[in-house]
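Structure below; questions to follow.
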Amino acid sequence: MSEHVSVMVNEVLEMLAPMESEHLIVDATLGLGGHTWHMLSTCPNAYVIGFDQDHHAREIAKTNLSKFEGRYEIVADNFRNISRLIERDNWTGANAILFDLGVSNLQLTDPDRGFSFQYEGPLDMRMDEGDLCNSKITAGEILDKWSIKELTQIFRDYGEEKYAYEIARGIVRNRENGGSITTTTEFVELIRKILPAPVQRKMGGHPARKVFQALRIAVNDEMNVLNEALDGAMSVLAPGGKIIAISYHSLEDRMVKHRFRKWQESDIGEIKPRKALYPTEEEVEKNYKSRSAKLRLFRKYTEDEVSKNVLLRIPT
């Protein structure tokens, strides 16, 4: 398959054991098909339904998965609509659902998408430019139209940026003085002008990193999308099925952790293992992208387990 390194593949495959029991898997974030390729290679009876809204990624995934023709289906849709699977004829539920969250290397390294502060490109940041995109607004339009209050809120809430207000104020002042921001490079230069050099030295990373993350999340409505997708995943999951989620920043992981905990407290299923798994040191050395990954699993109870739990709660 085309060069692509999927994160925490071994851990994901271990969570699918026993492999022979996996008949229907949903890859909610197909990307280039890396995880799906490994799941189809390892689970002999598996059929995978993969969701992706990016047409470039779908085309590459189709090529990468060509040896498994007939064992997979690619759905051109955002995973927030995963609940629509239940509308299919004879739907009995998925045995496993995988979320590999975050932006892909394909998008990050394409300057025309405007996701990265490391490449010059237009301030776009939409996950897909077509009809499947969750937002018709671009990052550039947000910077050009939103108020100091609105910009501060997304930089603080979505980027956890300590200097959110200062950056927002500098953006609006630049706009009021006739300045324009049309490219990622221009935006990075403006952030460097806004933040004093001593502040930038204390940030421990690129001064634009958190702001770029916040803009991407806002443009693509990522937190609302994930919220809807998690509920949708539970609705299409078969009894005994598993939801596996890999997150890369604290906002995503917090939402996944809280939702899993809520389900467990409602006796829908169990979090197992109890704590998140992390990539091995060896994997991080080989694939730097994996350094911030956290993997969590939730297993839905079977009907027998639900009945047993109900009986245990009845006073004798």
Side-chain angles (χ1 to χ4, degrees), residues 1-9 12 16 24-41 43 46-88 94 96-110 112-116 124-136 216-217 219-233 235-237 243-249 252 256 289-290 293 295:
M1 62 183 292
S2 298
E3 182 65 25
H4 175 63
V5 182
S6 298
V7 172
M8 299 188 74
V9 168
V12 168
L16 294 176
L24 182 57
I25 301 173
V26 176
D27 188 343
T29 47
L30 179 67
L32 306 187
H35 281 107
T36 287
W37 192 94
H38 288 284
M39 290 188 293
L40 289 172
S41 297
C43 303
Y47 181 88
V48 177
I49 300 174
F51 280 72
D52 209 289
Q53 64 180 336
D54 189 321
H55 66 278
H56 298 294
R58 292 196 305 271
E59 288 301 313
I60 296 174
K62 186 176 180 180
T63 299
N64 287 340
L65 299 172
S66 59
K67 66 176 285 187
F68 301 107
E69 190 68 35
R71 293 185 60 202
Y72 72 91
E73 171 190 351
I74 298 177
V75 179
D77 202 351
N78 185 280
F79 64 56
R80 79 186 312 163
N81 298 316
I82 193 172
S83 62
R84 292 178 181 172
L85 289 173
I86 206 169
E87 300 170 3
R88 295 189 172 195
I97 299 173
L98 172 67
F99 291 94
D100 182 16
L101 304 169
V103 64
S104 72
N105 282 337
L106 175 70
Q107 293 164 332
L108 277 176
T109 56
D110 183 353
D112 292 335
R113 306 297 291 274
F115 282 105
S116 177
D124 193 318
M125 297 194 188
R126 290 172 294 174
M127 291 290 190
D128 186 83
E129 313 94 308
D131 295 336
L132 300 177
C133 188
N134 287 290
S135 177
K136 303 307 177 190
R216 189 201 80 222
I217 292 173
V219 166
N220 295 285
D221 196 26
E222 290 182 33
M223 300 316 295
N224 286 326
V225 167
L226 179 56
N227 182 52
E228 294 175 25
L230 288 171
D231 283 341
S235 73
V236 300
L237 190 67
I243 296 178
I244 303 167
I246 305 173
S247 58
Y248 297 88
H249 61 74
E252 291 173 339
V256 170
K289 178 194 171 186
S290 70
L295 187 154

Next item on the list: Can you sort out the partners of E228 under salt bridge (charged side-chain N to carboxylate O under 4.0 Å, His left out), two or more places apart, ordered by chain and number?
Entry: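 Testing E228 for salt bridge (charged side-chain N to carboxylate O under 4.0 Å, His left out), a comparison that skips the adjacent residues, returns R80.
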
Notebook entry, point to check: Counting N and O atoms only, with roles assigned by atom type, does the side chain of R58 sit under 3.5 Å from a partner on the main chain of A76, one being a donor and the other an acceptor?
Noted result: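 No: the side chain of R58 does not pair with the backbone of A76.
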
Next item on the list: Go through the structure and list residues passing salt bridge (charged side-chain N to carboxylate O under 4.0 Å, His left out) with E59, not counting sequence neighbours.
Entry: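 Once residues adjacent in sequence are excluded, E59 has no partner under the salt bridge (charged side-chain N to carboxylate O under 4.0 Å, His left out) criterion.
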
Notebook entry, point to check: Do the side chains of H38 and V12 get nearer than 4.5 Å, heavy atoms only?
Noted result: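 SC-SC contact between V12 and H38 ruled out.
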
Item checked: ring-ring contact (aromatic ring centres under 6.0 Å, His included) partners for F79, two or more places apart ->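 Testing F79 for ring-ring contact (aromatic ring centres under 6.0 Å, His included), a comparison that skips the adjacent residues, returns F99.
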
Next item on the list: Indicate yes or no: at least one non-hydrogen side-chain atom of L65 is less than 4.5 angstrom from one of V48.
Entry: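 The answer is no; the side chains never approach within 4.5 Å.
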
Notebook entry, point to check: Are the side chains of D124 and R113 in touch, meaning some heavy atoms are under 4.5 Å apart?
Noted result: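 Of all side-chain heavy-atom pairs linking R113 with D124, none is under 4.5 Å.
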
Check: What residues form a salt bridge (charged side-chain N to carboxylate O under 4.0 Å, His left out) with R84, not counting sequence neighbours?
Finding: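 Scan of R84 (salt bridge (charged side-chain N to carboxylate O under 4.0 Å, His left out), adjacent residues dropped) gives D77.
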
Note to self: Checking Y248 now: which residues fulfil side chain to side chain donor-acceptor pair (under 3.5 Å) with it, not counting sequence neighbours?
What the structure shows: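 Only D100 meet the side chain to side chain donor-acceptor pair (under 3.5 Å) criterion with Y248.
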
Check: S41: what forms a side-chain contact (heavy atoms from CB on, under 4.5 Å) with it, not counting sequence neighbours?
Finding: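 Only W37, F68 meet the side-chain contact (heavy atoms from CB on, under 4.5 Å) criterion with S41.
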
Check: Within the side chain of N220, is there an N or O that forms a donor-acceptor pair under 3.5 Å with the backbone of E222?
Finding: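 Here the side-chain-to-backbone pair does not exist.
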
Next item on the list: Check for a donor-acceptor pair, side chain of R71 on one end and backbone N or O of A46 on the other, with a separation under 3.5 Å.
Entry: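 Pair found, side chain donor or acceptor close to backbone of A46.
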
Margin query: If you compare all heavy atoms of K62 against all heavy atoms of Y72, which two are closest, and at what distance to 0.1 Å?
Written below: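 Where K62 meets Y72 most closely, the heavy atoms are O-OH, 3.6 Å.
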
Checklist line | Any side-chain heavy-atom pair of I49 and R88 under 4.5 Å | finding: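 Sidechains of R88 and I49: in contact.
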
